[in-house]
Trainee: 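One structure coming up, written as C-alpha cells, with questions to follow.
Atom set for the values below is all heavy atoms of this structure, side chains included, hydrogens, waters and symmetry mates excluded.
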Amino acid sequence: MTISTACLDGKCLKFYNLQTESLEVIRSSCSTDWIGRFTFETKMKGSLPDRVVGDDNKFYCPYMDYQLHAQVENIRSLKTFIPAGEILEFVNDDDFQRFCISNKNDLPAEWVITVRDSISFCLGRIDNAITKRYIEDLLERANMQGAKHVSTPFTSSTELHPQDGVPLQNPTEYRSLVGDLQYLSTTLAFSVNKVCQFMQHLTDKHLLLVKRILRYLQGTSSYGLTLRPSSNLKLSFQAYTDADWAGDQTDKRLTSGYCVYLGLNLISWSARKHKTVSKSSMEAEYCGLAIATAELMWIEFLLKELKVPVCTPPVLCLNLGDNKLFGTIPSQIGSLSKLTHLDLSLNNFSGHIPLEIGSLTSLRHLDLFDNQIEGSICQEIGNLHFLTHLWLAKNNLVGPIPTTSICNLTKLSILSVYSNQISGVIPRDIGRLSSLIALDFSDNNLIGSIPISIGNLTNLTFLAIYRNQISGVIPLDIGGLSSLTVLYLFENNLSGSIPLSIICNLTKLSILLIYSNQISGVIPHDIGSLSSLAVLNLFRNNLSGSIPTSICNLTKLSILSLYSNQISNVIPRDIGSLSSLTFLDLSENNLSGPVPKLITNLTSLDTLQLYDNQLSGIIPQDIGRLASLTLLDWSMNKLSGSVPASVGNLSSLTLLSLFQNELSGSLPIEINNLRHLEKLYLSTNEFSGNLPQNVCQTGVLEQFIASNNHFTGPIPRSLRNCTSLRVLGLRRNELVDNITEAFHVYPYLELFSMRTNMLYGELSNDWADCQNLTALFFSGNNITGSIPSSIGKLKTLKALYLDSNNLVGEIPKKLYALSLLIYLSLSNNQLSGKLSFPIGMLSRLQYLDLSRNKFIGSIPKELGECSNLISLNLSTNNFNESIPPEIGNLGSLQVLLDLSYNELSGEIPSALGKLSKLETLNLSHNKLFGSIPSSLDQMLSLTTVNISYNELSGCLPNIKASRLLQLMR
C-alpha cells in the first residue's frame, strides 16, 4: 500500500492513494504541528531521526529537511510513527483492512481507525479537475465561494509587520488555510511564503492577505502546470534565480527564489526567507544563485541515478537585473566559464565592458540593457560563438559597431544596441547573421546607407534603424525579408521613393513607420496588397500625389498617419471601409473637396485629424455616429455651414477644434452633452448667437477659445463658475456683461482674454486668487474704476493688458512685485498721478505702453534699470522736466521710443546715442531746446526720427548716411 500524498487537516492525518501492501509516510513542510508530535514519540524533544529502522532491519534516511520516508511491515512499527490521540483515515483497501484487523489487539485503546469509501484528494496526480475541486473545498471552508476575483495573489510592494492590525481571536483558521495553500501552484510560492512568516503574531490584516490569495484562486482554479514532451531527445536544464535584498522591512532579511525547468517543463521551485541578513545586494544575489545551483546539481545527480540521459550541460543563469547595483562590471566575471545567461540589466553599472567577458564561451544570453556603460563594444564579444541574445541598449556606448566581431556571431537571434551614441556605418556584412529575428540599431548616430546585404536576413521579423542619420534610398533588397512584421525607419535622412518591392513582397508586415524623412514621390498604388498592415505612418515627408484608393483594402489597419506632406486631391470616398481604424491623421496637406460622408462608418475611431488642408463643404450631419472619438480636429480649412446637432452624441470627446473655417450660425444646444470635453477651439469663424449655457457644467473643461466671432449676450454662468479652466479666450466678440460679478476664482487659470468686447464694471480683487495666471487681457472694453492693488499678488503674471478702457487713479505701487512681467499696456485710459512706483524692479519688462493717459511729473530715472526693454511708449501724457539720461542705458531698446505730446523740456541727452538698436525715435510736440546732439549719428539702426514741434537748434543728425551705412552692411 503506497501513500503518494499526505495532508494534515486539523487533528486528522489523511493518507490517500493506497495501492500496495507497504506503507509510505510522507511528511510535508506545512505540517509543523504534526512534526513536533512525531518527533516527541520517536526521539524525546529532539529533531528528526537520522534513520528509521523497520522490522525487516532495513533503514531509510530522511528526505532532505522536511520530508521523511519510512517503510513498515506491521502495526508495531506503525506505533513508532503515529502519536497517541490521532485519528487515522485510510481508503477502503481489502488487504489493508485485513492487515489492521489481524493486528487489532496490538493497537492502543485510544486509537481510532476510520475506513473511508473513496479518495478525497490526491494532489500528487497531474489532474486539474482534482486541483480545482481542492480549491473549491478550500474556498467553501473559508466561506468565500462568491468572492470577487483578483488578478494577482500578492503585490511585492505590500509591507507586512507583526503588530499591524488587531490580533485574531481564533488563529486556527488562518494556520489551517495557509497550510492547505502550500499544496497549490507555483504562483503562490512567494505569497504563501510571506503569509507564513507571522504564525505567532496573527492579525486581521494578515488574514486579509490570505483572503486575497483565495480571491486569486477563485478565478484561477482551472489553471495548472502543463508537462509537455520534448521534441528534442537531448534534455537540458534551465534554472532562474532572483533575490530581494533586505526586502522584509521588519527584520531586513533576504528573500530569494528559484525555478528549475527541464526542457519546457517547470519541475522545481522555491521562495524562502533566509535566516541571516545579507550585507549587500550582490551577496544576496550570490546566495540565491548558490541555492539554485545546489538544487540544480541535486536534480542532475538524481537523473543520473535514474539513468535519464541529460546530454547538454545545465543552463546557469546569473540574474542581477532590476537592482541598484553600481560601479564597474568586475573583470572576475570571466572566471564563470560555464555561465550561459548573464543579466545585468536595469542597474547603474558604468565603465567599459570588461574584455574578460570574451572568456564566457558558453554564454548564450548577454543582457546589459539600461545601464551607464561607456566606451566601445569590445572585439572580444566576437568569441561568444554560442550567443543568441545580445542586449546592449540604453547605455552610453560610442564608436563604430565592430564589424568582424559582431558578424561572427552567426547564432545571434536578437541584436539590440538602441539608444546609445554609436557612430559609423551599419556593417556591410550584417547579412551573415542569418539567424537574426530581431535587429535594433535605433536612436544612435549611425550614418551612411542601409547595406544591401540586409536583404539576406530572411528570418528577420523585427527591423528598427530609426533616429539615426541614415541617408540614401531604401534598398530594394528589403523586399526579400518575407518574414518581416515590423519595419521602423523613421527620423532619418532617407530619400527617394518607397520601393515597390516592400509593397509587393512584405505581405506579413503589420507595422510600417517611415515618417520624418525626405521620402518623395507618390504612395504606391499597390499598397493595398499589404493585407496584414495594422500601422502605417508616413507623415513628415515630401510625398505628393493623391491617396491611392487601394489603401481602403487594408481592413486590419488601425493607425493611418500621412500628415505634413504635399498630398493633394480628395480623400478617397471608400475610406469608410477601414472598419478597424482607430487613428486617422491627414492634416497639413493640400487635400480638397468635401469630407466623405462614409467617414462616419469608422465607428472605432478614437482620433480624427484633418486640420490645415483645403477641405470645403459642410460637416457630415451624422458625425455623431463616431461615438468612440476623443479627438476631432478639422481646423484651418474652408468648411462652411453650421455645426450639426449630432455632434452632441460624441460623448467621449475631449478635444473639439474647428477654428479658422467659415462656419456660421449658432452653436447647437447639444454641445452641452460633451461632458468629457477638455479643449474647445472655435475661433475665427462666423458663429453668432449666445455661447452655450452649460458648456462647462461638469467642471472638466480646461481650454475654451472662441475669439473672432459674433457671439453676443452675457458670459454663461457655467463658464463663470468653471474652476477647471486654464485658458479662456473670447476676444473680439460682442459679449455684454458686468465683470464685477461675472467671474469667480479660477485656481488653475493661466490665460484670460476678453479683449474688444462690451464688458463693463470694475475689476474685482478676486483676480488676486488666480495664482497661476500668466496673461490677463481686458483691452478694448468699458471697464471703469481703478486698478486693484491685489493684482500685484499675481506672482506668475507675464502679460497685463488693460488698455483702451476708462480706468482712473494712479498705478498701484504693488505692481513692482510682478517680477516676471514682460508686457504691460495701460494706454488710452484716464490714469493720472506720478509714476512713483519703483518701475525699475520690473527687470524682465520688454514692452511698456502708458500712452494716452494723464500722468504728470518727471519720467522716472529708474526706467534705465529696465535693461530688457524693447519698446517704450509714454506719449500723450503730461510729463514735464527733462528727459533722464538714464534712458540711454536701455541698450536693448529696438522697436520704439516715443515720448511725444508731453511737456518735456531741456536738451536732448547725448546718452540717447547709445541706443544703437533703436529703429523709431519720436520726441515731437514737447518743449525741448538746445542743439541736437551729434551722438544721434551713432544710432545706425534708426529708420524713423521725429523731433518736430520743439525749440531745437543746430544740425540735423546724419540719418540718411546712417541708413546708407545700414544698407551697405
Trainee: Go through the side-chain N and O atoms of Y563 and Q609 and say whether any donor and acceptor fall under 3.5 Å apart.
Mentor: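 On atom types as modelled, these side chains do not qualify, holding no pair under 3.5 Å.
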
Trainee: Show your working on side-chain contact (heavy atoms from CB on, under 4.5 Å) between L543 and I519 and close with a plain yes or no.
Mentor: CA-CA 6 Å; L543 295 170; I519 303 295; 4.0 Å; yes

Trainee: Whether the side chain of N673 engages the backbone of I671 through a donor-acceptor N/O pair (distance < 3.5 Å, no angle test) should be reported.
Mentor: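 Checking the backbone N and O of I671 against the side chain of N673, no donor-acceptor pair under 3.5 Å is found.
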
Trainee: Test your reading of the model: is there a side-chain donor-acceptor pair from D898 to the backbone of S875, 3.5 Å cut-off?
Mentor: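 Here the side-chain-to-backbone pair does not exist.
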
Trainee: For the pair L562 and D585, evaluate side-chain contact (heavy atoms from CB on, under 4.5 Å) and give the outcome as yes or no after the intermediate values.
Mentor: CA-CA 6 Å; L562 305 176; D585 190 350; over 6 Å; no

Trainee: Working to the nearest 0.5 angstrom, can you tell me the gap between N601 CG and S604 OG?
Mentor: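 The distance works out to 11.0 Å.
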
Trainee: Side chain of N873, backbone of L897: donor and acceptor closer than 3.5 Å?
Mentor: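 Between the backbone of L897 and the side chain of N873 there is no qualifying donor-acceptor contact (under 3.5 Å).
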
Trainee: Donor-acceptor check, side chain of S544 to backbone of Q566, threshold 3.5 angstrom: yes or no?
Mentor: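 No, S544 side chain to Q566 backbone: no donor-acceptor pair under 3.5 Å.
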
Trainee: Would W634 and I623 count as a side-chain contact (heavy atoms from CB on, under 4.5 Å) here? Give the steps.
Mentor: CA-CA 12 Å; W634 289 4; I623 190 71; 3.7 Å; yes

Trainee: Quick check against the 3.5 Å criterion: does S568 have a side-chain atom that pairs as donor or acceptor with the backbone of N590?
Mentor: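 It does not hold such a pair.
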
Trainee: Among L513, I527, I514, L509, whose side chain to side chain contact (heavy atoms under 4.5 Å, CB included) with L536 holds?
Mentor: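 So the option named by the test is I527.
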
Trainee: Looking only at atom types and distance, does a side-chain atom of N805 sit under 3.5 Å from a main-chain N or O of I783, one as donor and one as acceptor?
Mentor: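 Present.
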
Trainee: Mark yes when over 12 heavy atoms from residues, nucleotides or ligands other than R852 sit less than 6.0 Å from its CZ; otherwise mark no.
Mentor: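 Not buried by this count: 12 neighbours or fewer within 6.0 Å.
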
Trainee: Strictly by ring-ring contact (aromatic ring centres under 6.0 Å, His included), give each pair with a member in residues 506-532 just once, sequence neighbours left out.
Mentor: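 Those involving residues 506-532 are F490-Y515, Y515-F539.
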
Trainee: Do any N or O atoms from the side chain of N649 and from the backbone of V647 form a donor-acceptor pair under 3.5 angstrom?
Mentor: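 Not a single qualifying donor-acceptor pair exists.
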
Trainee: Has N685 got a side-chain atom pairing as donor or acceptor with L658's backbone, closer than 3.5 angstrom?
Mentor: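 Pair found, side chain donor or acceptor close to backbone of L658.
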
Trainee: Hey, do the aromatic rings of F778 and F752 have their centres closer than 6.0 Å?
Mentor: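 Yes: the rings meet the under 6.0 Å criterion.
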
Trainee: Quick one: salt bridge (Lys or Arg N to Asp or Glu O under 4.0 Å) pairs with a partner in residues 571-583, sequence neighbours left out?
Mentor: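 Those involving residues 571-583 do not exist here.
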
Trainee: Among N828, D803, T756, N757, find the one that has a side chain to side chain donor-acceptor pair (under 3.5 Å) with S779.
Mentor: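 Checked N828, D803, T756, N757 against S779; only one passes side chain to side chain donor-acceptor pair (under 3.5 Å): D803.
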
Trainee: Salt bridge (charged side-chain N to carboxylate O under 4.0 Å, His left out) for R726 and E750? Distances and angles first, verdict last.
Mentor: CA-CA 5 Å; R726 295 181 183 273; E750 297 174 5; 3.4 Å; yes

Trainee: Mark yes or no for whether N444, through its side chain, and N468, through its backbone, hold a donor-acceptor pair below 3.5 Å.
Mentor: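 Flag not set: sc N444 to bb N468 has no pair under 3.5 Å.
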
Trainee: Answer with yes or no whether the side chains of K795 and Q771 bring together a donor and an acceptor at under 3.5 Å.
Mentor: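 Their side chains do not contain a donor-acceptor pair, so the 3.5 Å distance test is not met.
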
Trainee: Quick check for you: to the nearest 0.5 Å, what is the distance between S516 atom OG and N493 atom CG?
Mentor: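 Nearest 0.5 Å value for the OG-CG distance: 10.5 Å.
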
Trainee: Just checking, any donor-acceptor pair under 3.5 angstrom between side chains of S892 and N868?
Mentor: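 Looking only at side-chain atoms, N868 and S892 do not form any donor-acceptor pair under 3.5 Å.
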
Trainee: Quick test of your reading: applying salt bridge (Lys or Arg N to Asp or Glu O under 4.0 Å), list the pairs with at least one residue in residues 488-512, sequence neighbours left out, ordered by first then second residue.
Mentor: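 Sorted result for residues 488-512: R467-E491.
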
Trainee: Return the set of residues passing side chain to side chain contact (heavy atoms under 4.5 Å, CB included) with P594 (not counting sequence neighbours), or none when no residue passes.
Mentor: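 Side chain to side chain contact (heavy atoms under 4.5 Å, CB included) list for P594, sorted by chain: empty.
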
Trainee: Would you please test Q703 and E678 for side-chain contact (heavy atoms from CB on, under 4.5 Å) and show each step?
Mentor: CA-CA 6 Å; Q703 298 185 21; E678 298 175 1; over 6 Å; no

Trainee: Rounded to the nearest 0.5 Å, what separation is found between the OG atom of S532 and the CD1 atom of I511?
Mentor: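 These two atoms lie 12.0 Å from each other.
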
Trainee: Can you name the residues that form a ring-ring contact (aromatic ring centres under 6.0 Å, His included) with Y823, not counting sequence neighbours?
Mentor: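 Testing Y823 for ring-ring contact (aromatic ring centres under 6.0 Å, His included), a comparison that skips the adjacent residues, returns Y847.
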
Trainee: Looking at residues at least two apart in the chain, or sitting in another chain, which of them share a ring-ring contact (aromatic ring centres under 6.0 Å, His included) with F777?
Mentor: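 Partners of F777 by the ring-ring contact (aromatic ring centres under 6.0 Å, His included) criterion, ordered by chain and then number, come out as Y801.
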
Trainee: Give a yes or no on whether the ring-centroid distance for F462 and Y488 is below 6.0 angstrom.
Mentor: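 Yes, they do, as the ring centres are separated by less than 6.0 Å.
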
Trainee: In a check of side chain to side chain contact (heavy atoms under 4.5 Å, CB included) between L608 and each of D633, L629, T630, which one passes?
Mentor: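 Result for side chain to side chain contact (heavy atoms under 4.5 Å, CB included) with L608: L629.
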
Trainee: Would you call the rings of F687 and F711 parallel, tilted or perpendicular if under 30° counts as parallel and over 60° as perpendicular?
Mentor: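 The rings of F687 and F711 lie parallel, inter-plane angle below 30°.
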
Trainee: Is it true that a side-chain atom of N672 and a backbone atom of E670 form a donor plus acceptor pair closer than 3.5 Å?
Mentor: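 Side chain of N672 to backbone of E670, a donor-acceptor pair under 3.5 Å: no, none is there.
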
